[in-house]
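Note that this is a predicted model, so its numbers are computed, not measured.
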Amino acid sequence: MSLDVTFLGTGSAYPSPSRGASALVLRREGQCWLFDCGEGTQTQLMRSHLRAARITKIFITHLHGDHFFGLPGLLCTLSLQSSPDPSKPPVDIYGPVGLRSFLWRSLELSHSQLLFPYTVHELVPTRDQCPAEEFKDFSGWDRDEVPPQGPPGRLLHLDPGEDSYLLVEDEQLVVRAFRLFHRIPSFGFVLEEKPRPGRLNMQKLKDLG
């Protein structure tokens, strides 16, 4: 399995002409996974060797603007470059509770119609991930409303006795989210390769003793 990492932005607070806000792309098996999407990420993608249309998963660490304000614009640009395809799987988006509502309202208020589905999987934080006075519970937002775009995503709670949230698992790797302490609830994402059994020529081993 080949993995390739491209930093699109490493700046904080706001983008600058020479340094983008937080964004990183992991290229894997012809797919691109985007980690954070600060303002200007789509411009940085255009300057890179990457193809934005290959983005299949997006992971947002926390809801400070310099880590996700670029997301609605990026999705709209991807839509402009797409053709309607009802069989296309949704773009999976992972992030803290509140992200689904933000995306839905941003696209709704701007009358943006995406030509592909997306699914938001929300991580429910624990109260010890930030100072007590900064913690806000967004889990009830839009509870009785069904976003019109794409299938509903999962609401991921931390299981008792566990220290991480299981997000993705396939034959080659596992992706988990871990709680981080910040001014607002934040998450780190870890990709773990599964063990790969080697191939041994048993007869050659016997011949060599």
Side-chain angles (χ1 to χ4, degrees), residues 9 11-15 21-24 33-42 55-79 90-114 116-169 175-190:
S12 62
Y14 56 88
S22 182
L24 178 154
W33 293 3
L34 175 64
F35 292 81
D36 277 342
C37 188
E39 184 181 349
T41 294
Q42 58 177 314
I55 293 175
T56 58
K57 297 187 189 302
I58 300 173
F59 302 83
I60 302 297
T61 58
H62 64 294
L63 300 184
H64 273 152
D66 55 333
H67 290 257
F68 81 119
F69 276 171
L71 189 50
L74 174 64
L75 293 178
C76 289
T77 296
L78 291 178
S79 181
V91 174
D92 286 305
I93 303 173
Y94 300 84
V97 166
L99 182 59
R100 182 184 295 122
S101 180
F102 167 81
L103 267 182
W104 179 21
R105 293 306 183 194
S106 297
L107 297 172
E108 184 180 52
L109 289 169
S110 60
H111 292 244
S112 300
Q113 297 290 327
L114 302 185
F116 59 87
Y118 71 89
T119 301
V120 181
H121 308 282
E122 294 187 304
L123 302 167
V124 179
T126 58
R127 290 183 176 272
D128 58 354
Q129 285 182 247
C130 68
E133 64 274 12
E134 295 286 350
F135 187 88
K136 295 181 180 179
D137 184 5
F138 298 126
S139 58
W141 284 23
D142 304 323
R143 178 176 292 165
D144 299 324
E145 299 186 62
V146 179
Q149 193 90 30
R154 294 178 290 160
L155 190 64
L156 299 163
H157 295 266
L158 187 66
D159 291 331
E162 295 290 332
D163 63 353
S164 65
Y165 305 69
L166 177 62
L167 306 185
V168 179
E169 182 172 14
V175 183
R176 298 180 183 275
F178 286 82
R179 295 171 297 160
L180 301 176
F181 186 87
H182 190 36
R183 195 158 55 84
I184 61 175
S186 303
F187 297 91
F189 301 103
V190 174

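- Proximity of a side-chain donor or acceptor of S101 to a complementary backbone N or O of G98 within less than 3.5 Å is not detected.
- With hydrogens and angles disregarded, no donor-acceptor distance shorter than 3.5 Å links the side chain of Q42 to the backbone of T77.
- Taking each heavy atom of P185 and P96 in turn, the nearest pair found is O-CG, 4.4 Å.
- Atom OH of Y94 sits about 11.0 Å away from atom CD1 of I58, to the nearest 0.5 Å.
- Side chains of L78 and F116 form a contact here, defined as non-hydrogen atoms less than 4.5 Å apart.
- The only member of H67, H64, H62 that meets side-chain hydrogen bond (donor to acceptor under 3.5 Å, both in side chains) when paired with D36 is H67.
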Result block: side-chain N/O donor-acceptor pairs under 3.5 angstrom for residues 152-169, not counting sequence neighbours:
{"from": "R154", "atom 1": "NH2", "to": "L167", "atom 2": "O", "distance (Å)": "2.9"}
{"from": "Y165", "atom 1": "OH", "to": "V124", "atom 2": "O", "distance (Å)": "2.7"}
{"from": "E169", "atom 1": "OE2", "to": "K194", "atom 2": "NZ", "distance (Å)": "3.1"}

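- The local environment of CD in E122 is crowded, with over 12 non-hydrogen atoms from other residues, nucleotides or ligands closer than 6.0 Å.
- How far CG of L99 is from CD1 of I60: 6.0 Å, rounded to the nearest 0.5 Å.
- Between L75 and L114, the shortest heavy-atom contact is O-CD2, 3.6 Å.
- When side chains are defined from C-beta on, W33 counts as touching V175, because their heavy atoms get closer than 4.5 Å.
- Here the OG1-CD1 distance, from T56 to I93, works out to 11.0 Å after rounding to the nearest 0.5 Å.
- If you take CG on L107 and CG on L71, they are separated by 8.5 Å, rounding to the nearest 0.5 Å.
- In this structure, F35 and S22 have side chains that are not in contact, with every pair of non-hydrogen atoms separated by 4.5 Å or more.
- Within the 4.5 Å cutoff, the side chain of S12 has heavy atoms near those of the D66 side chain.
- For the pair T61/L180, no side-chain contact is recorded, criterion being any heavy-atom separation below 4.5 Å from C-beta on.
- At least one side-chain heavy atom of C76 sits less than 4.5 Å from a side-chain heavy atom of S112.
- Here the closest non-hydrogen pair linking L123 and F189 is CD1-CE2, 4.3 Å.
- When atom types are taken as modelled, the side chain of R179 and the backbone of Q129 share no donor-acceptor pair closer than 3.5 angstrom.
- Distance check: E134 CD to R127 CZ gives 13.5 Å after rounding to the nearest 0.5 Å.
- Remark: F102 CZ to F69 CZ distance equals 6.0 Å, nearest 0.5 Å.
- Within the 4.5 Å cutoff, the side chain of F135 has heavy atoms near those of the P125 side chain.
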